[in-house]
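First the proteins, then the strands, lettered A, B, ... as listed; each starts at 1.
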Protein chains: 2
Amino acid sequence: MVGIADVARHANVSASTVSYVLSGKRPISPETQARVHASIKALGYHPHAGARALASKRTNVIALVMPLRSGVHVPVLMQFVTAVATQAREYDHDVLLLTQDEGERGLRRVEGSSLADAIIVMDVEMKDPRVPLMRTLRTPCVLIGVPEDADGLTCVDLDFAAAGAACLDHLADLGHRCVGLVGSPRAVYERGTGFATRVADGVARAAARRSVATTTYPCEPNRDGARAAVRDLVEAHPDLSGLIVHNESVVESVLHALRDHGRRVPQDVSVVAICPDELAERLDLSGVALPAEEVGRRAVDLVLRPCGGEDPGATLLTPELTPRATTAGR
Amino acid sequence: MVGIADVARHANVSASTVSYVLSGKRPISPETQARVHASIKALGYHPHAGARALASKRTNVIALVMPLRSGVHVPVLMQFVTAVATQAREYDHDVLLLTQDEGERGLRRVEGSSLADAIIVMDVEMKDPRVPLMRTLRTPCVLIGVPEDADGLTCVDLDFAAAGAACLDHLADLGHRCVGLVGSPRAVYERGTGFATRVADGVARAAARRSVATTTYPCEPNRDGARAAVRDLVEAHPDLSGLIVHNESVVESVLHALRDHGRRVPQDVSVVAICPDELAERLDLSGVALPAEEVGRRAVDLVLRPCGGEDPGATLLTPELTPRATTAGR
DNA sequence: ATGAAAGCGCTAACAC
DNA sequence: GTGTTAGCGCTTTCAT
């Protein structure tokens, strides 16, 4: 194995100089730098990660806690993961993947064994049992998702309330006065999953502001759920002309169900969705995308950036609504 | 920070004894063991991963190289990843996630910096540029997928040839004599992706054995591709009564296209697919599943198990065909 | 601008 | 069955 001493000898400098060339923590003459770099390349030197971690108390690793059986759409999850992994490399860090099933033990292990310099926890729920622990960790933490009490914690997520409001505003701008929200399964609301209730709140508040009538309809993630939702909403509200769908599993079925009820989209009913890009594009759907890449990148930035004592609190990304073929004025 | 010396003092033993209690590498009296374990718990001791790696030359980490823009269905990819992460914990290992875009540099980095004890590379193609490098690595490697020349490499995958054969045999058993294979996009064959050509070979060989006529039809991953495939196959082979679909993006469209051509499934045409479980179940499709969990678990076992000098070569998992609603006798 | 040397916290000989 | 001790390969004072 080629070590720092070998490089030092080869470049005719001391080991510390090699180290400083690598870390940039003190000025080194250009000539020396060049020689050291040449030797590093010539010998194919890579610093030993363990030794470095031991001496410097930094691992150059970010731990990422991934949900196992997620309520989140799997491709979106994957986008988070790859965005985090990719962005981590920009900071010369690697990603250690933990699974949610280790729960708080996993977090303790990371901190206790000095496995990582920072932790990113995905899919944090409103009353997440890991939140109290995260608050006490010395290791910097950022949460993807916003718990009920986010005090003292750094969080990133799409601003779901604003996303709901954006959808409603879009429909209101188009002249719709009676709008339905096809939401997540009832269990998701009861579990207190943040994004579901926040979207509903955002829609409700915007509706009040714009004097639009709204109904929220929890919807099971299958065709029958979608059919029931459309049937009940259409029957109960004959003047319903707008639909916000926040449930990626049923958007397609909702569109079919509307047609089955003789409602053309967008002539009779406009539909906006809050769902992954790919889905919206495939169905040519107006809607707000889940900016998974952006969230992942921001999470890494937040957790690694030497933020100057500032408590960044919750970073809520502004939703972007893209109008496509499923919305029209009336 | 609580270190091994603190535990030793607390338990009235030497540091090495604590170390040996943890590693089990030498016999320790039950009383001492108990005392040490008690102290560990009392002090909340976790060994420092870097220090351990430095002293022992083992990191307790597996590197997993994940494809970014994979030809593989994303949920399946995710199943691999979680299976690997979960199984790794069984061996008290963690998973370091690398992305394919680092290519060979990533592998060199893992080895050079002693980041991991073993490497698992997903989605290896027939002529994968990383294969030669992997062959020279000192770090144990296992590939998910089987390259053209797998000599000296440990691989795991579904036995795609056998999967193709199983599909054909199933149809032959049901009395079908003329069968079409709706395959991957032409580009996938040309790129030399292993599973695509292996399925085609497996089907062809089984067909020869069973005296069944077959045609392979490369198919673009969209509705039009599926329509073209069905149209051409049905027109060219009026007596076609079985279809093998190995292209998860089009299974659904193929079923629709068959109905559009007046062919009922399974009364007129039987359909078997090689695709992810969830899809097959959702469509109540007869077919062979991609055993992602099993493959991930096996990969970890292979790479971590102290295999006694034996070169395990390629581990090809036996396909399991589940008959469902889309196949019938004629 | 550079070197020398003292650890970082642990493991694994080598002792007994 | 247990203790002593010499590193593992690097970073970072402290010198100059």
Determine the minimum heavy-atom distance between Leu77(A) and Pro67(A), stating which atoms define it. CD1-CG, 3.4 Å
Residue whose closest nucleotide on DNA chain D lies nearer the 5' end, Val2(A) versus Ser14(B): Ser14(B)
With a cut-off of 6.0 Å (strictly less than), are more than 12 heavy atoms of other residues, nucleotides or ligands near CZ of Arg135(A)? yes
Over all heavy atoms of both residues, which pair between Ala289(A) and Leu158(A) is shortest? Give the atoms and the distance, please. O-CD2, 4.0 Å
Nearest whole angstrom, please: distance from the C1' of dG7(C) to the NE2 of His48(B). 13 Å
Minimum heavy-atom separation for Ala116(A) to Ala63(A), with atom names? CB-N, 3.6 Å
Considering all heavy atoms of both residues, which atom of Leu115(B) and which atom of Ala49(A) are nearest to each other, and what is their separation? CD2-CB, 3.6 Å
Nearest-angstrom distance from the residue atom CZ of Arg58(A) to C1' of dC8(C): 15 Å
Ile62(B) versus His93(B), closest heavy-atom pair with distance: CG1-ND1, 4.0 Å
Tell me which residues in residues 27-41 of chain B put a heavy atom below 4.0 Å from DNA chain D, sorted by number, or none. Pro27(B), Ile28(B), Ser29(B), Thr32(B)
CG of Leu22(A) to CD1 of Ile4(A): how many Å apart, nearest 0.5 Å? 7.0 Å
Could you write nucleotides 11-16 of chain C as a row of B, S and -, 5' to 3', where a protein heavy atom under 4.0 Å of any base atom gives B, of only sugar-phosphate atoms gives S, and otherwise -? SBBB--
Looking at Glu111(A) and Arg108(A), is there a salt bridge between them, counting it only when a charged N and a carboxylate O are closer than 4.0 Å? no
Name the nucleic acid region contacted by Asn12(A), choosing base, sugar-phosphate or nothing; use a 4.0 angstrom heavy-atom cut-off, strictly under. sugar-phosphate
Polar side chain donor-acceptor pair, Gln100(B) to Arg130(B), under 3.5 angstrom: yes
Please name all residues satisfying salt bridge (charged side-chain N to carboxylate O under 4.0 Å, His left out) with Lys127(B), sequence neighbours left out, ordered by chain then number. Glu148(B)
Relative orientation of the end axes in the helix from dA1(C)-dT16(D) to dC16(C)-dG1(D), expressed as an angle to the nearest 10° (five pairs per end): 30°
Regarding Arg89(B) and Asp101(A), does a basic nitrogen lie under 4.0 Å from an acidic carboxylate oxygen? no
5' to 3' on DNA chain D, which nucleotides open and close the contacts with chain B (atom under 4.0 Å from a heavy atom)? dG1(D) to dG9(D)
Atom pair distance, as rounded to whole Å: CG in Leu115(A) and C1' in dC10(C): 14 Å
Would you please name every residue forming a side chain to side chain donor-acceptor pair (under 3.5 Å) with Arg35(B), sequence neighbours left out? none
Of all the heavy-atom pairs spanning Arg198(B) and Val146(B), show the shortest one and how long it is. NH2-O, 2.9 Å
